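None of these values were measured; they are calculated from a predicted model. Note that these values count all heavy atoms, side chains included, but never hydrogens, waters or copies made by symmetry.
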Amino acid sequence: MSRHAPHLFSNGTRLLTATDAARLVKHQGLGPTFSGLLATLESDFRRWPDFDKSPRVACHAPDGVVELMPIADAELYSFKYVNGHPGNTRAGLSTVMAFGVLADMHTGAPLLVSELTLSTALRTAATSAMAARALARPDSQVMAVIGNGAQSAFQCLAFQHLLGVNSVRLYDIDLDATHQLMHRLGGSGLKVQACQSVDEALQGADIVTTLTADKTQATIVHDHQVRPGMHLNAVGGDCPGKTELDPHILRRGRVFVEFEPQSRVEGEIQQMEGDFPVTELWRVLCGQAPGRLSPHDITVFDSVGFALEDFSTLRYLHQAAQAAGLLQPLDLIAHPDDPKDLMGWMWHAAAHTH
């Protein structure tokens, strides 16, 4: 992209609706969508120092949290608005709802407003697979999935498409959630087994993905259940006071995070002392730090979700949806002929409104 690109806004702000995001995935196919997201994520993670980064800004309430996640490089700025309210399903609402904005850093002009509820599920799964490609044993084929809610199907299919996982072992305290996930995975080619406990689910698993939703500090996976060589993809612990892993697992394993200042507050490592050693994933992807050192290592990706993942997602969606003809004009910003005469534009626009 050109360093001086005000022409990027010549067509105004564009909108990608939730329905059109779903159409984009159907148009491209789920596998190619995961592959495109993965390529964009890896490209951006490998230029980590180029970004102006900060932890997300969170407003907590007894029932959940609302967050803003900003980030920018020299060319583009993005933010995501996202909530996390575990009780929402009782009211017929999603636990997570999100949208995002992509803007031109040279002018500040918003280029894209996009849904990010569906896209967050896609990018979270693609990020998990990106980490597992760098950290899990290359021969990993079996994944245990603990917590079978809305994110779980995306994780299973991303690991199938991007890593070659061919078998998933499922457990949730809500048997209906497991049955629904099994239905969603029907016809995928994955071998799917419902399990009666975490212990049973972890038997024979190479990768363990935890995706529980309750906003509590819990131990979903215990130290004695984890065998040498396993890779743990800890996705569910993503805010202060919410964890899923026995801290002894973290001490036995090698722990990798997205953005350490944020993970210290929100991730599994909030349970650990302040100098507990972790490695930011970008360093492994850039070859600056080792990932797995031996087939017997226990590796942990302590994933909380970071703004760069949404930046990459918005960048990918902008390009892919534009190519597919799925972006709509959005009358978001006033465009006076004379930028110094906003009031004149107001009266002119109002007079021509039908």
Cut-off 3.5 Å, side chains only: do Ser119 and Glu115 have a donor facing an acceptor?
yes
At their closest point, which heavy atom of Gly147 faces which heavy atom of Ser152, and how far apart are they?
O-CB, 3.7 Å
Does a donor on one side chain sit under 3.5 Å from an acceptor on the other, for Ser140 and Asp206?
no
Shortest non-hydrogen pair, His335 vs Ile333, comes out as CD2-O, 3.1 Å
Determine, step by step, whether Asp73 and Arg47 satisfy the salt bridge (charged side-chain N to carboxylate O under 4.0 Å, His left out) criterion, reporting the C-alpha distance in whole Å, the side-chain angles of both residues, the deciding distance to 0.1 Å, and the verdict.
CA-CA 10 Å; Asp73 65 6; Arg47 56 189 190 93; 3.0 Å; yes
Please state whether the rings of Trp282 and Trp48 are parallel, tilted or perpendicular, taking 30° and 60° as the class boundaries.
parallel
If I compare all heavy atoms of Asp341 with all of Pro336, which pair ends up nearest, and what's the gap?
O-CB, 3.9 Å
Taking all heavy atoms of Ser43 and all of Arg315, pick out the closest pair and write down the distance.
OG-NH2, 4.1 Å
So, do Gln193 and Met182 sit near enough that their side-chain heavy atoms are less than 4.5 Å apart?
no
Using a strict threshold of under 4.0 Å (side-chain N to carboxylate O), is an ion pair present between Glu67 and Lys80?
no
Go through the side-chain N and O atoms of Asp44 and Ser312 and say whether any donor and acceptor fall under 3.5 Å apart.
yes
Between His183 and His179, is there a donor-acceptor pair closer than 3.5 Å when you use the side chain of the first and the backbone of the second?
no
Any chance you could lay out the salt bridge (charged side-chain N to carboxylate O under 4.0 Å, His left out) test for Lys340 and Asp338, step after step, and finish with the verdict?
CA-CA 5 Å; Lys340 297 181 179 180; Asp338 179 358; over 6 Å; no
Check this for me, if you would: do Arg56 and Glu266 make a salt bridge, where the nitrogen-to-carboxylate-oxygen distance has to be below 4.0 angstrom?
yes
Between Asp104 and His106, does any side-chain donor sit less than 3.5 Å from a side-chain acceptor?
no
I need the minimum non-hydrogen distance between Ile146 and Ala201, along with the two atoms involved.
CD1-CB, 3.7 Å
Evaluate Met143 against Val145 for side chain to side chain contact (heavy atoms under 4.5 Å, CB included), listing each step before the verdict.
CA-CA 6 Å; Met143 181 164 73; Val145 182; 3.9 Å; yes
Sort out for me which residue in Val221, Asp246, Leu245 forms a side-chain contact (heavy atoms from CB on, under 4.5 Å) with Val226.
Val221
From Asn83 atom CG to Thr95 atom OG1, the distance as rounded to the nearest 0.5 Å:
8.0 Å
Between the side chain of Asn88 and the main-chain N/O of Ser94, is any donor-acceptor distance below 3.5 Å?
yes
Looking at Arg251 and Glu273, does any basic side-chain N land under 4.0 Å from a carboxylate oxygen?
yes
Transitively linked via ILVMFWY side-chain contacts under 4.5 Å: Trp347 with Leu342?
yes
Salt bridge flag under 4.0 Å for residues Asp297 and Arg137:
no
Over all heavy atoms of both residues, which pair between Arg184 and Ala153 is shortest? Give the atoms and the distance, please.
CB-CB, 4.3 Å
Go through it in stages, so that I can follow the logic: the residues are Leu308 and Asp310, the test is side chain to side chain contact (heavy atoms under 4.5 Å, CB included), and I'd like the CA-CA distance, side-chain angles, deciding distance and then a yes or no.
CA-CA 5 Å; Leu308 180 55; Asp310 303 301; over 6 Å; no
What do you reckon, is CD of Gln180 surrounded by more than 12 foreign heavy atoms closer than 6.0 Å?
no
Under a 3.5 Å threshold, yes or no: a donor from one side chain and an acceptor from the other, between Asp172 and Thr178?
no
Please indicate whether Arg264 has more than 12 foreign heavy atoms, meaning atoms of other residues, nucleotides or ligands, lying under 6.0 Å from its CZ.
yes
Would you check if there is a donor-acceptor pair between the side chains of Ser263 and Asp302 at a distance under 3.5 Å?
no
Neighbour count >12 (heavy atoms, 6.0 Å) for atom CG, Asp337:
no
Side chains of Asp199 and Gln225: donor-acceptor distance under 3.5 Å anywhere?
yes
Tell me whether the rings of Phe79 and Phe99 are parallel (<30°), tilted (30 to 60°) or perpendicular (>60°).
perpendicular
Would you mind telling me which of Tyr77, Phe45, Phe51 makes a ring pair (Phe, Tyr, Trp, His ring centres under 6.0 Å) with Phe311?
Phe51
Decide side chain to side chain contact (heavy atoms under 4.5 Å, CB included) for Leu332 and Val113; before the verdict, give the C-alpha distance in whole Å, the side-chain angles of both, and the deciding distance to 0.1 Å.
CA-CA 9 Å; Leu332 183 67; Val113 176; 4.0 Å; yes
Check the surroundings of atom NE2 in His222: do more than 12 heavy atoms from other residues, nucleotides or ligands lie under 6.0 Å from it?
yes
Quickly, which of Glu268, Gln270, Gln271 forms a side-chain contact (heavy atoms from CB on, under 4.5 Å) with Pro247? Name it, please.
Gln271
Which residues, ordered by chain and number, are linked to Val82 in its hydrophobic cluster, where ILVMFWY side chains connect at heavy-atom gaps below 4.5 Å, directly or through other members?
Met69, Val96
Val168 versus Leu185: any side-chain heavy-atom pair under 4.5 Å?
yes
Take atom CG in Asp331; do more than 12 heavy atoms of anything else shown fall under 6.0 Å from it?
no
